[in-house]
There are 2 protein chains.
Amino acid sequence: MPDLSIDVVAKAAGVHRSTVSRAFSRPEAVKSETREHILRVAEGLGYTMSPLAQALRRKTSTFIPLIVPDITNPFFAELAKTMTQAADERGYQLLLCVTNGDPAKTDGYFTAMQAMYAPFGIVAPSTKVDTEALKRFDFGHKVVVIDRVEGDDAVPTVTVDSRRGIMLALDHLHGLGHTSIGYVSGIAGTHTAQDRMDAYLELTAQSGSTPLVLDSGSDLDAGTRGAEHYLEMDSPPTAIIAANDMVAFAVISALGQRGVRVPEDVSVIGFDGLALGARFNPALTTIQQPIADMGHIAIELAEKQNADGSVDHIVLEPQLLVRGSTSGPRK
Amino acid sequence: MPDLSIDVVAKAAGVHRSTVSRAFSRPEAVKSETREHILRVAEGLGYTMSPLAQALRRKTSTFIPLIVPDITNPFFAELAKTMTQAADERGYQLLLCVTNGDPAKTDGYFTAMQAMYAPFGIVAPSTKVDTEALKRFDFGHKVVVIDRVEGDDAVPTVTVDSRRGIMLALDHLHGLGHTSIGYVSGIAGTHTAQDRMDAYLELTAQSGSTPLVLDSGSDLDAGTRGAEHYLEMDSPPTAIIAANDMVAFAVISALGQRGVRVPEDVSVIGFDGLALGARFNPALTTIQQPIADMGHIAIELAEKQNADGSVDHIVLEPQLLVRGSTSGPRK
DNA sequence: ACTGTTATTGCAACCGATCTCAGCAACCGA
DNA sequence: TCGGTTGCTGAGATCGGTTGCAATAACAGT
């Protein structure tokens, strides 16, 4: 592969390299006739521009980092999927950055993205986002966060309406005849997690029942602990809301190991709407987040911010997805 | 952030930029005194080298693409996780490339990685790898494949011993007293999938039983179809081997919806050893692949190939992981 | 025919490093 | 003291593009 630089194309097409450059990146600045000729020649040679060289000169690249705590978590995986899609639809390349919840790594990724002239980045946090920390890196580099942030200021966000989601879950369960409904958090740290829990607490109280938090831990073992807690109770709830699908899986699994059946003995509803839920045993009833939309919107927000400086906060509507893990309470 | 180039550091340290360059990338070529001074100054300014500029000049970067068909599949997610880890332990940045099984995209990613001077790439395929296609891009760019390849030649691979895995599963099931054992493929395309199925077929025949393939489709609905097939049988098998964990999940879920219980009515064993399996209902017995090892080894193989041109084919040992989805056959 | 646009294209500096080559000082043995 | 290493640093070309500016061509208007 004879090194294919812009100059060899230029020579082959009989023009100067700046013309080739323009033919690619500013088509309207070149006579259409010439442009087509150049493009044809380039095509023939199998030439593509070097994103590196471009980025270096332009001081802006097409690398966009997606910072997630754990790609193993299907929620982030689905997010990553739709985002890679959305990204390369627009000519970006997604850089997957996995932090394992380590803030130091997050910082590292930020400086790296800075150095690579990333036009912006997407953060799906596992902790409350430190807006100040973000600002430190905000010299021309924008970030959009997939979570709510405190103070509502400089950084665009996209989230789903947690309260509305919990309300949907509660309504569904009430409609089925449940009156005693427990909650397992299993996630903590993000504002979203907080919001879901708060919504549960408030809405339950409002409806006259007493909230019943089976576990508020932040790891996946919350499922196990929640199940144990459930078993110890004199009159356990007839339904359980899990803060997200993964926790719901864990709860059902732990319950199952102890002989409690879902939904026969207790209904369980999750929150996320993972594709995986459809293959669970039983298929999981859940509050579905429009993950695909979130990915696209995150990128749109970032581009919009870059273009006109506007900072939006998009809140999406969740949807109830009824599958097999909920039913009427046992008499 | 006053643009921090190598020149400003050079000026600040009172040396030429080439000395700064050497201080970073070839420390032994600079008087230790000078070097330390430079490093100190750089540190003070908060300077880091531009990976872009480096790559452009050196014609080799630290970007390493990981090409997977679907990050939503937990197997690839776990792989991606350990690989990002392994990658940035060695100073690389992993570029996640999701193909959705589209070979055209794979091609696109290859040319992109070529353009970015990636020192090598990792491919976890969803189809039989076309070695020839790889070669087209092999001008200085190496690839390691997470699957077996035909012909065994120029490309390094890492896989687990499929036959051994199936043997482990079969032994476990036999030990439990099962004699009639079915198989659901649910994946197809890769050599690995082929190998697992072949191993099942052979080993079953060898032990005198007749193989019983419930479904050999390649999508996840194989689970559903397999379950239906199972239900239609006069004397269904007492145990089922699924070609991978995801399919096992699907099978158990589909079976559950039709009132068949695992492991009471039928035992199911998966293949992969996903962390998720521990949270399934019931927790999934499975053949565990050493995914973390695979990630590290893949990178090592690539580096080794770059260094001394050697092409290795590593075959790892799978392990039986007994959890709750298998038990003795019902009388 | 002459001057004032406007459309195209070439020139050359520049982005932030790396690397070969050359220069220079200190050091070595004779 | 002198030629011959050896060690360290500076110069300047180069990687593959981009872009402001100048040059030329083409086209109007009068």
Side-chain angles (χ1 to χ4, degrees), chain A residues 1-39 41-42 45-63 91 111-112 114-119 140, chain B residues 1-39 41-42 45-63 91 111-112 114-119 140:
Chain A
M1 201 110 316
D3 265 4
L4 230 40
S5 73
I6 196 172
D7 287 294
V8 341
V9 178
K11 208 150 304 167
V15 298
H16 191 266
R17 73 181 176 311
S18 52
T19 305
V20 177
S21 171
R22 282 187 282 254
F24 279 91
S25 32
R26 217 141 31 74
E28 75 286 359
V30 126
K31 204 199 325 183
S32 62
E33 201 177 317
T34 321
R35 171 168 32 96
E36 275 161 31
H37 171 230
I38 294 179
L39 260 25
V41 171
L45 268 50
Y47 166 80
T48 5
M49 285 218 170
S50 158
L52 267 52
Q54 286 193 157
L56 181 58
R57 186 59 232 254
R58 291 180 168 165
K59 284 171 169 300
T60 171
S61 72
T62 58
F63 299 118
T111 65
Q114 178 114 265
M116 288 197 282
Y117 301 115
Chain B
M1 202 110 311
D3 265 3
L4 231 41
S5 74
I6 197 173
D7 286 294
V8 341
V9 178
K11 208 149 304 166
V15 299
H16 190 267
R17 73 181 176 313
S18 46
T19 306
V20 177
S21 172
R22 284 188 281 255
F24 278 92
S25 33
R26 216 141 29 74
E28 76 286 359
V30 137
K31 206 200 321 183
S32 62
E33 204 176 314
T34 321
R35 171 168 32 96
E36 276 162 30
H37 172 229
I38 293 178
L39 261 24
V41 171
L45 268 49
Y47 165 82
T48 6
M49 286 217 170
S50 158
L52 267 53
Q54 284 191 160
L56 180 58
R57 188 59 234 254
R58 289 181 168 163
K59 285 172 169 300
T60 170
S61 72
T62 58
F63 299 118
T111 64
Q114 178 114 266
M116 289 197 283
Y117 300 117

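Residue numbering restarts at 1 for every chain, and letters A, B, ... go by the order of the sequence lines. Just the heavy atoms: all of them, side chains too, but no hydrogens, waters or symmetry mates, feed the values below.
In terms of heavy atoms, B/His37 sits closest to B/Ala13 at CE1-O, 3.2 Å. When all heavy atoms of B/Pro27 and B/Arg35 are compared, the closest pair comes out as O-NE, 3.3 Å. Annotation for A/Ser21 and A/Ile6: closest pair N-CD1, 3.6 Å, computed over non-hydrogen atoms. Here the closest heavy-atom approach between residue B/Pro119 and residue B/Ser61 is recorded as CD-O, 3.1 Å. The shortest non-hydrogen separation linking B/Ala23 to B/Val30 is N-CG2, 4.2 Å. Closest heavy-atom contact between B/Leu56 and A/Ala53: CD1-CB, 4.1 Å.
Contact footprint of chain B on DNA chain D: nucleotides with an atom under 4.0 Å from a non-hydrogen protein atom, first to last in 5' to 3' order, D/dC8 to D/dG16.
Taking atom NZ on B/Lys59 and atom C1' on C/dC19, their separation rounds to 14 Å, with Å as the unit. Atom CD1 in B/Ile6 sits roughly 5 Å away from atom P in C/dA17 (whole-Å rounding). When the P atom of C/dC14 is taken as reference, atom CZ of A/Arg17 falls 14 Å away, rounded to whole Å. Rounding to whole angstrom units, CG of residue A/Leu52 and C1' of C/dT18 are separated by 14 Å. In this structure, A/Leu56 atom CG and C/dA17 atom P are separated by 9 Å, rounded to whole Å. Look at CG on B/Asp7: it is 8 Å from C1' on C/dG16, rounded to the nearest Å.
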Show, in sequence, the C-alpha distance, side-chain angles and deciding distance for A/Met116 and B/Phe63, and conclude whether the side chain to side chain contact (heavy atoms under 4.5 Å, CB included) test is met. CA-CA 11 Å; A/Met116 288 197 282; B/Phe63 299 118; 3.2 Å; yes

Before giving the answer on side chain to side chain contact (heavy atoms under 4.5 Å, CB included), spell out for A/Arg58 and A/Ser25 the whole-Å C-alpha distance, their side-chain angles and the decisive distance to 0.1 Å. CA-CA 11 Å; A/Arg58 291 180 168 165; A/Ser25 32; 3.0 Å; yes

B/Thr19/B/Arg22 under side chain to side chain contact (heavy atoms under 4.5 Å, CB included): CA gap, chis, key distance, verdict: CA-CA 5 Å; B/Thr19 306; B/Arg22 284 188 281 255; 4.1 Å; yes

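For the side-chain contact (heavy atoms from CB on, under 4.5 Å) criterion with B/Tyr47, the lone passing option out of B/Leu39, B/Ile38, B/Val9 is B/Val9.
The bend of the helix from C/dA1-D/dT30 to C/dA30-D/dT1, defined by the angle between the axes of its first five and last five pairs, stands at 40° to the nearest 10°.
Near DNA chain C, meaning a heavy atom under 4.0 Å away, the residues from residues 21-31 of chain A are A/Arg22, A/Ala29, A/Val30, A/Lys31.
As judged by a 4.0 angstrom heavy-atom cut-off over every strand, A/Thr19 is placed among residues touching the sugar-phosphate backbone only. Note on A/Ser18: a base of the nucleic acid sits closer than 4.0 angstrom, heavy atoms only. If you check every strand for non-hydrogen atoms under 4.0 Å, A/Thr48 touches sugar and phosphate atoms only. A/Val15 comes within contact range of the sugar-phosphate backbone alone, with a heavy-atom separation under 4.0 Å but no base atom that close.
Note on A/Tyr117: every side-chain N or O is 4.0 Å or more away from OP1 and OP2 of C/dC15. In this model, the phosphate group of C/dC14 is not approached by any side-chain N or O of A/Arg57 to a distance below 4.0 Å at OP1 or OP2.
For CD of A/Glu28, the number of neighbouring non-hydrogen atoms (other residues, nucleotides, ligands) closer than 6.0 Å is greater than 12.
Annotation: the span from A/Arg26 atom CZ to A/Ser18 atom OG amounts to 10.5 Å, rounded to 0.5 Å.
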